[in-house]
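For reference, the structure discussed in these notes is given below.
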Amino acid sequence: MLKEKFNGNRLKTARIYCGKTLEELANDIGVTKQAISQYENSETTPETSKMFKIVSTLFFPWEYYYQEDTNVIETKATYFRSLLSTHKKDRNAQIKKGEYLALLYDYLSDNIRFPKYNIPNIVVDKLDEAVDFDNISLEVRKHWNLGEEPIKDMVYQLEKSGIIITSLKPTSSAIDAYSQKLKTKCGDKHLIVLTESKETRVRRQFSCAHELGHIILHNWNEDWETISKSDFTKIENQANSFASAFLLPKNSFAADVSKHPSSLEYYCSLKLKWNVSMSAMMIRAKNLGLINSNDYQNLMRKMAYRKWRTREPYDDLKPSCPVVLKSAVKKILKGKKWTGDDFIKNFSEKYNIELSKKIVEDLLNLETNMLNTSEERRVLNLDLK
């Protein structure tokens with residue numbers, strides 16, 4: 001429902017979504033910081049010329065700012081791997097994107113039967129240094145009938161298990177992969193957001209396993225903005241330990257490594273089999289007692305000499321990409337014979353939130369212009385003879 005009056009809260013939401021401060025947005029559209037504050041508090045309404053600048057700067061359509069707030073998605077918690085090195089405004093931007101993605105997921109779920117949530121409920125009495133991550137990871141593998149073999153594609157495995165996954169360009173280069181728990185009409189949902197900027201195939205594998213560790217092990221009712229640095233570090237180390245144990249099962253990985261535990265070239269070949277970085281495999285080998293500290297340091301020196309510490313062999317292999325959300329959109333556009341305009345219009349009518357095609361394409365990790373399927377475009381594409 002459109003309001004006659006400008007909705008300042010929508011401007012605040014759009015600004016947060018784009019990771020901008022009051023001052024940054026003010027500079028972008030040529031007003032004072034105080035003017036933006038007045039807009040957001042609905043004390044004044046932007047002039048038409050300023051509205052055009054707001055729309056072109058934040059990419060939310062004009063109608064968005066004149067709709068009533070109705071539906072709210074609640075974020076229960078968000079785990080940022082880069083919590084200690086990023087600005088709060090950048091974290092808030094990613095959280096807001098997750099909330100709008102959850103709305104789109106709800107919207108799609110009216111017409112698509114997504115994979116059921118199938119994450120094992122593993123009770124960990126107390127998360128401390130004595131936790132047996134090997135046994136926990138084997139329980140998860142057993143639940144999914146994975147055995148102890150290498151996992152080819154963690155993105156596929158998590159999507160298959162009912163976790164929502166997308167890949168976004170972050171507002172800050174410091175933002176790494178993160179996971180979010182949201183309350184939706186379909187119940188509580190876990191979301192994993194992968195970053196487009198610095199992911200290799202093996203890094204994405206580990207990122208997914210790391211976020212799975214958070215989902216299985218940790219408390220999703222805690223305020224992570226108030227957590228101490230030492231507790232945050234401990235939690236991240238636990239997620240890393242789970243990821244390492246899950247991707248490199250103790251027995252089968254040890255059987256492989258024990259053949260040539262101190263050979264750098266051998267770890268290079270194992271990387272293609274286990275889909276895990278050479279560095280991570282060496283750390284795992286050291287933790288399992290397959291190599292000692294001297295062996296490990298020697299391997300690290302060889303890695304540094306070859307300049308493999310920053311970029312390993314095979315890091316140019318393309319990472320796995322989420323496919324579930326994209327496939328859902330394609331199925332709806334084809335099955336319902338909807339245009340991209342229909343998709344946007346029906347979403348707006350359902351949630352009273354008008355989003356641009358660009359924002360929807362970004363959130364759902366669609367190809368650029370995938371929703372540009374208007375009737376006008378179809379006419380232009382006709383081969384008239």
Side-chain angles (χ1 to χ4, degrees), residues 2-69 72-73 75 78 80 82-83 85-104 166-176 178 180 193 195-198 225 340 344 347-348 351-372:
L2 286 178
K3 299 174 62 176
E4 293 182 3
K5 187 178 178 183
F6 178 79
N7 185 346
N9 187 56
R10 284 291 178 90
L11 176 60
K12 182 177 181 179
T13 299
R15 175 177 62 78
I16 291 172
Y17 181 100
C18 294
K20 291 183 178 292
T21 63
L22 287 167
E23 186 173 3
E24 287 169 340
L25 181 57
N27 291 336
D28 287 340
I29 67 172
V31 297
T32 65
K33 177 181 172 181
Q34 290 72 25
I36 297 295
S37 181
Q38 290 173 341
Y39 295 161
E40 291 188 355
N41 290 315
S42 297
E43 295 172 1
T44 59
T45 299
E47 300 172 2
T48 301
S49 61
K50 301 305 179 187
M51 273 303 303
F52 277 116
K53 288 186 177 180
I54 288 171
V55 170
S56 63
T57 298
L58 300 179
F59 299 106
F60 283 81
W62 190 292
E63 295 84 353
Y64 174 85
Y65 301 99
Y66 287 86
Q67 291 174 313
E68 294 181 356
D69 294 318
V72 177
I73 289 287
T75 293
T78 307
F80 284 101
S82 49
L83 177 67
S85 60
T86 54
H87 292 295
K88 187 173 182 179
K89 73 179 181 72
D90 294 313
R91 299 196 299 273
N92 286 341
Q94 300 306 121
I95 290 170
K96 186 55 64 179
K97 288 179 181 180
E99 290 172 354
Y100 276 2
L101 175 57
L103 275 181
L104 286 165
T166 194
S167 178
L168 296 175
K169 184 177 180 180
T171 55
S172 166
S173 60
I175 293 284
D176 212 328
Y178 62 94
Q180 195 170 356
V193 176
T195 54
E196 296 179 350
S197 56
K198 48 189 175 183
E225 295 296 331
I344 297 296
F347 177 84
S348 178
Y351 297 103
N352 212 36
I353 297 176
E354 184 84 15
L355 297 179
S356 67
K357 292 177 183 177
K358 179 185 185 310
I359 286 176
V360 173
E361 288 171 349
D362 288 345
L363 287 174
L364 296 177
N365 202 218
L366 309 178
E367 293 97 348
T368 301
N369 293 325
M370 183 173 166
L371 293 178
N372 281 345

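Please read these numbers as outputs of a predicted model, since none were measured by experiment.
- A donor-acceptor contact shorter than 3.5 Å is absent between the side chain of S348 and the backbone of I344.
- Taking NZ from K357 and CG from N372, the interatomic distance works out to 4.5 Å, rounded to the nearest 0.5 Å.
- The two residues F6 and M51 have their closest heavy-atom pair at CE1-SD, 3.7 Å.
- Side chain of T195 to backbone of D176: no donor-acceptor contact under 3.5 angstrom is found.
- Every salt bridge (Lys or Arg N to Asp or Glu O under 4.0 Å) that E99 has, sequence neighbours left out, goes to K96.
- Smallest separation of non-hydrogen atoms from P61 and S356: CD-N, 3.5 Å.
- In this structure, E361 has no salt bridge (Lys or Arg N to Asp or Glu O under 4.0 Å) partners at least two apart in sequence or on a different chain.
- N27 is linked by a side-chain contact (heavy atoms from CB on, under 4.5 Å) to E23, counting only residues two or more places apart in sequence or in another chain.
- Note on residues 25-49: pairs passing salt bridge (charged side-chain N to carboxylate O under 4.0 Å, His left out), not counting sequence neighbours, are R15-E40, K20-D28.
- In terms of the side chain to side chain donor-acceptor pair (under 3.5 Å) criterion, residue partners of S167 (sequence neighbours excluded) are, by chain and number, R204.
- K12 NZ: 12 or fewer foreign heavy atoms inside a 6.0 Å radius.
- With T57 contributing its side chain and I54 its backbone, the two residues share no donor-acceptor pair below 3.5 Å.
- The side chain to side chain donor-acceptor pair (under 3.5 Å) search around K358 returns D362, not counting sequence neighbours.
- Between I359 and L58, the closest heavy-atom pair is CD1-O, 4.4 Å.
- Screening residues 37-60 for ring-ring contact (aromatic ring centres under 6.0 Å, His included) gives Y17-F60, F52-W62, F60-Y64 as the qualifying pairs, with residues at least two apart or on separate chains.
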